[in-house]
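I have placed the structure first, in the form of C-alpha cells, so that the comments after it can refer back to it.
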Amino acid sequence: MKKTIAVLLGVVMLAGLFLVANGSESGKLLIWADETRAPVLEQVATAFEDAYGVPVEVQEVGFGDIRGQLATAGPAGEGPDIIIGAHDWLGELIQNGLIEPIVLPAAMVNDFDPVAVDAFGWGEQLFGVPYATECVALIYNKDLVPTPPATFEDLIATAKGLTDQEAGEYGFLIQEPDPYHTFALFSAGGGYIFGTDADGVLEASRSQEPTTGWSPACSTKGNWR
C-alpha cells in the first residue's frame with residue numbers, strides 16, 4: 001500500500017497527502033478530501049485507475065470534520081488510506097496513532113521546497129507531502145503609498161506618516177493576537193517559539209539558539225486546506 005501511495009504522489013505530483021494508519025479495503029485507495037479538493041482528486045483518481053488499474057474512491061468530508069471522523073473510523077479499520085489536511089494537524093494525528101510515516105525517494109523529496117517538506121516531518125520520519133504553501137504578505141494601498149518601502153525602517157516611517165489615531169486611521173495594521181501573522185516579526189529579531197530535541201522534534205520546554213535575518217511565517221498545505 002505504501003508503494004502504491006508513493007506512485008500516486010509521483011505520477012500526479014500531489015503533495016499534501018497523509019497515509020492513514022488503518023486504511024480501507026485491500027487493493028483499493030480511499031481518499032478523504034473537502035468540497036474544494038474532492039473534485040480535483042476525482043480527476044486524478046480516474047487517471048490513476050486508467051494507468052495502474054487500482055480503484056480509487058474519493059469521499060467528500062468537511063475540512064473541519066476530517067480529524068474527528070478519522071479518530072473514530074481509523075481505529076475501527078474503516079478510515080481512508082489518504083486524507084487532505086493542514087500540516088499543523090500532524091502532532092495530534094501522530095500522538096493518536098492515526099497516520100503512518102511515508103518513504104519517498106530522495107529525488108522526489110528534492111522537488112519540493114525544503115521548508116514545506118520539513119513541516120510534515122516528525123523527527124527523522126515524513127508523514128505527509130505538501131501540495132501548497134501559504135505565506136503572510138504585506139498589502140499596501142498604491143494611492144497612499146506609490147512606492148512600497150524597501151526596508152522595515154521605511155515601513156515604520158511610512159506608517160507613522162499615515163497614522164492619525166484621533167481619526168481612527170492607521171498606516172499599518174496586523175491581526176492580533178495571532179502568532180501566525182507576527183512570527184516573521186519576532187523571528188527576524190532572533191525570537192523563537194520552540195526548540196528541538198536530539199531527534200529534531202519540536203519540544204516546548206527547550207530553548208533554541210536565536211537566528212538573524214528575515215524568516216517569513218508560512219503555513220503548509222499537504223492534503224489539507
Side-chain angles (χ1 to χ4, degrees), residues 1-9 12 14-42 44-45 48 54-104 112 115-134 177-180 183 193-194 196-197 199-206 217-225:
M1 182 63 73
K2 292 183 181 179
K3 181 178 180 181
T4 304
I5 298 296
V7 172
L8 172 65
L9 296 176
V12 302
L14 239 192
L17 303 176
F18 279 135
L19 179 63
V20 178
N22 291 293
S24 62
E25 61 187 274
S26 177
K28 176 182 177 180
L29 288 176
L30 175 61
I31 302 174
W32 281 3
D34 63 21
E35 65 279 3
T36 300
R37 291 152 189 84
V40 177
L41 288 171
E42 289 282 4
V44 172
F48 185 77
V54 178
V56 181
E57 179 183 354
V58 179
Q59 290 184 353
E60 183 178 309
V61 181
F63 186 80
D65 300 325
I66 291 177
R67 282 179 291 178
Q69 292 191 26
L70 181 63
T72 301
E78 300 174 353
D81 297 289
I82 297 173
I83 61 171
I84 312 298
H87 79 281
D88 54 12
W89 295 3
L90 193 64
E92 176 185 346
L93 296 178
I94 293 175
Q95 290 179 351
N96 290 335
L98 296 175
I99 57 175
E100 292 279 3
I102 60 177
V103 178
L104 297 180
F112 299 100
V115 173
V117 174
D118 288 346
F120 291 105
W122 186 276
E124 299 297 323
Q125 295 180 311
L126 184 66
F127 287 85
V129 184
Y131 72 82
T133 60
E134 58 184 22
D178 187 351
Y180 173 75
F183 180 75
I193 300 177
F194 300 131
T196 57
D197 62 18
D199 296 323
V201 177
L202 291 173
E203 190 174 39
S205 62
R206 296 178 65 89
C218 297
S219 173
T220 302
K221 294 179 179 177
N223 299 0
W224 295 254
R225 331 178 186 188

Would Val117 and Leu104 count as a side-chain contact (heavy atoms from CB on, under 4.5 Å) if you check the C-alpha gap in whole Å, the side-chain angles of each, and the deciding distance to 0.1 Å? CA-CA 11 Å; Val117 174; Leu104 297 180; over 6 Å; no

Audit row: Ile94, Ile99, side-chain contact (heavy atoms from CB on, under 4.5 Å) steps and yes/no: CA-CA 6 Å; Ile94 293 175; Ile99 57 175; 3.9 Å; yes

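For Asn96, there are no side-chain hydrogen bond (donor to acceptor under 3.5 Å, both in side chains) partners two or more places apart in sequence or in a different chain.
Closest non-hydrogen pair, Ala33 versus Leu41, comes out as CB-CD1, 3.5 Å. Between Pro55 and Gly27, the shortest heavy-atom distance links the atoms CD-O, 3.3 Å. The nearest pair of heavy atoms linking Ala116 to Thr133 is CB-CG2, 3.8 Å.
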Taking only distance into account, with no hydrogens and no angle test, what donor-acceptor pairs under 3.5 Å do side-chain atoms of residues 59-71 form with protein atoms, sequence neighbours excluded?
residue, atom, partner, partner atom, Å
Gln59, OE1, Trp32, NE1, 2.9
Gln59, NE2, Glu57, OE2, 3.1
Arg67, NH1, Glu92, OE1, 3.3

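Atom OG1 in Thr72 sits 9.5 Å away from atom CG in Leu98 (nearest 0.5 Å). In this structure, CG on Leu29 lies 5.5 Å from CZ on Phe48, to the nearest 0.5 angstrom. Within the model, atoms CG of Leu90 and CG of Leu126 stand 9.0 Å from one another, a figure rounded to the nearest 0.5 Å. With rounding to the nearest 0.5 angstrom, the CG atom of Asp88 is 10.0 Å from the CG atom of Leu93. With values rounded to the nearest 0.5 angstrom, Trp122 atom CH2 is found 5.0 Å from Gln95 atom CD. With rounding to the nearest 0.5 Å, the separation of CD1 in Ile31 from CD in Glu42 is 9.0 Å.
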